[in-house]
2 protein chains.
Amino acid sequence: MRIGKLAERAGVSVRALRYYEEQRLVIADRSPSGHRQYPESAVERVKFIQLLYSAGLSSKAILHVLPFLDTLTATPQMTQRLKDQRDRIRTQIDDLTRAHDRLNDLISLASESEISPATCSASRG
Amino acid sequence: MRIGKLAERAGVSVRALRYYEEQRLVIADRSPSGHRQYPESAVERVKFIQLLYSAGLSSKAILHVLPFLDTLTATPQMTQRLKDQRDRIRTQIDDLTRAHDRLNDLISLASESEISPATCSASRG
DNA sequence: CTTGATCCTCACGCTGGCGTGAGGTTTTAG
DNA sequence: CTAAAACCTCACGCCAGCGTGAGGATCAAG
């Protein structure tokens, strides 16, 4: 499959795919004319990469995690890196949850302050 | 209180505080000589700003949310913005959770692949 | 009065994940 | 055969949240 199709199917831009290759996250065969050729499996791979990016991993961190996908065997070091990232994400989730709750508190206050005194008793029963 | 003390107490850099002022997130009085003067309340305000930054809000988004802290009254538009941000955070939490779970799956696989065949039956009962 | 800590205002640098041409080749549809 | 679409390689641009001097004023203590 060529780069345009992969981009479409994985939901990323062509530019992004070239960038991933630059970061060595994805390896592509080349046709005699130099066009990139991807296997079917690249779709899932790119989607996984996107998942990790959206979770805040850097290209470098992803690069350290990906080899496991290929070989399905991990060195203790790789396992540790996976755990480190997982823990970092958990921490981030906790931070976000705190912010989420704080915002929710504010929303409650805001909703009340919005309501005119006359309708207040009606809406709060 | 002056900027150094506020930075220390709020757990941010002096540079960051100047940046927040540039973004109009924090307003500071000035001494005759031009030094910034902050009230006690600035500590909590800055901590709250940090919370929102860590939740991925931009300066602009924070700027739209903060007036509520000062007035304790919200326009419907402000309430809506609060809700939008809360929803965005929730979405982000979901993304992170998915990544977290995927990584956990990988960690399970990795832990297995790490174990030598001889010890495998022992560790898996 | 002096010294060192703290403060001030520019203003450039950095990082990451791409966007976006420029200028040229290749593939594909008709 | 031709035109459009898709591809290629540079390579600069962007944004955000600061870090990090440069060069100078101000403050607190002895």
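A, B, ... follow the sequence lines: proteins, then strands. Residue 1 opens every chain.
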Between [atom2] on [N] and [atom1] on [X], what's the gap in Å once rounded to a whole number?
| X | N | atom1 | atom2 | value |
| --- | --- | --- | --- | --- |
| B:Gln37 | D:dC27 | CD | P | 10 Å |
| B:Leu63 | D:dA16 | CG | C1' | 15 Å |
| A:Lys5 | D:dC7 | NZ | P | 10 Å |
| A:Arg18 | C:dG16 | CZ | P | 22 Å |

- Query: Looking at residues 89-96 of chain A, who's got a heavy atom less than 4.0 Å off DNA chain C?
  - Reply: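 Here the set is empty: none.
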Show me, pair by pair, the donor-acceptor contacts under 3.5 angstrom made by side chains of residues 3-14 of chain B, not counting sequence neighbours?
from, atom 1, to, atom 2, distance (Å)
B:Arg9, NH1, B:Glu40, OE2, 3.0
B:Arg9, NH2, B:Glu40, OE1, 3.1
B:Ser13, OG, B:Ala16, N, 2.9

- Contacts of type ring-ring contact (aromatic ring centres under 6.0 Å, His included), residue B:Tyr20, not counting sequence neighbours: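 For B:Tyr20 the ring-ring contact (aromatic ring centres under 6.0 Å, His included) partners, ignoring immediate neighbours, are B:Tyr53.
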- Assess the side chains of A:Gln92 and A:Arg88: does a donor N or O sit below 3.5 Å from an acceptor N or O?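 Yes - a donor-acceptor pair under 3.5 Å links their side chains.
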- Of A:Leu17, A:Leu63, A:Val46, A:Leu52, the residue whose pairing with A:Leu25 passes side-chain contact (heavy atoms from CB on, under 4.5 Å):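 Result for side-chain contact (heavy atoms from CB on, under 4.5 Å) with A:Leu25: A:Leu63.
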With sequence neighbours excluded, residues passing side-chain contact (heavy atoms from CB on, under 4.5 Å) with [X]:
| X | result |
| --- | --- |
| A:Ile27 | none |
| A:Ser108 | none |
| A:Ser41 | A:Pro39 |

N/O to N/O distances under 3.5 Å, protein versus nucleotides 26-30 of chain C:
from, atom 1, to, atom 2, distance (Å)
C:dT26, O3', A:Ser33, OG, 3.2
C:dT27, OP1, A:Ser33, OG, 2.9
C:dT27, O3', A:Arg2, NH1, 3.4

- Message: By the salt bridge (Lys or Arg N to Asp or Glu O under 4.0 Å) test, which pairs, at least two apart or in different chains, include something from residues 55-74 of chain B?
- Response: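 As it turns out, the salt bridge (Lys or Arg N to Asp or Glu O under 4.0 Å) pairs with a partner in residues 55-74 of chain B, which skip direct neighbours, are B:Arg45-B:Asp70.
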- How would you list, by chain and number, every residue that makes a salt bridge (charged side-chain N to carboxylate O under 4.0 Å, His left out) with B:Asp95, sequence neighbours excluded?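 Expected list: B:Arg98.
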- Message: Please list, in numerical order, the residues of residues 40-47 of chain B that have a heavy atom closer than 4.0 Å to any atom of DNA chain D.
- Response: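 The stretch gives none, as no residue of it lies under 4.0 Å from the strand.
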- Could you run through nucleotides 17-23 of chain D and give me one letter per nucleotide, 5' to 3': B if any protein heavy atom sits under 4.0 Å from the base, S if only the sugar-phosphate is that close, - if neither? BBBB---
- Query: Sequence neighbours excluded, which residues qualify as side chain to side chain donor-acceptor pair (under 3.5 Å) partners of A:Thr71?
  - Reply: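 A:Thr71 satisfies side chain to side chain donor-acceptor pair (under 3.5 Å) with A:Thr73 only.
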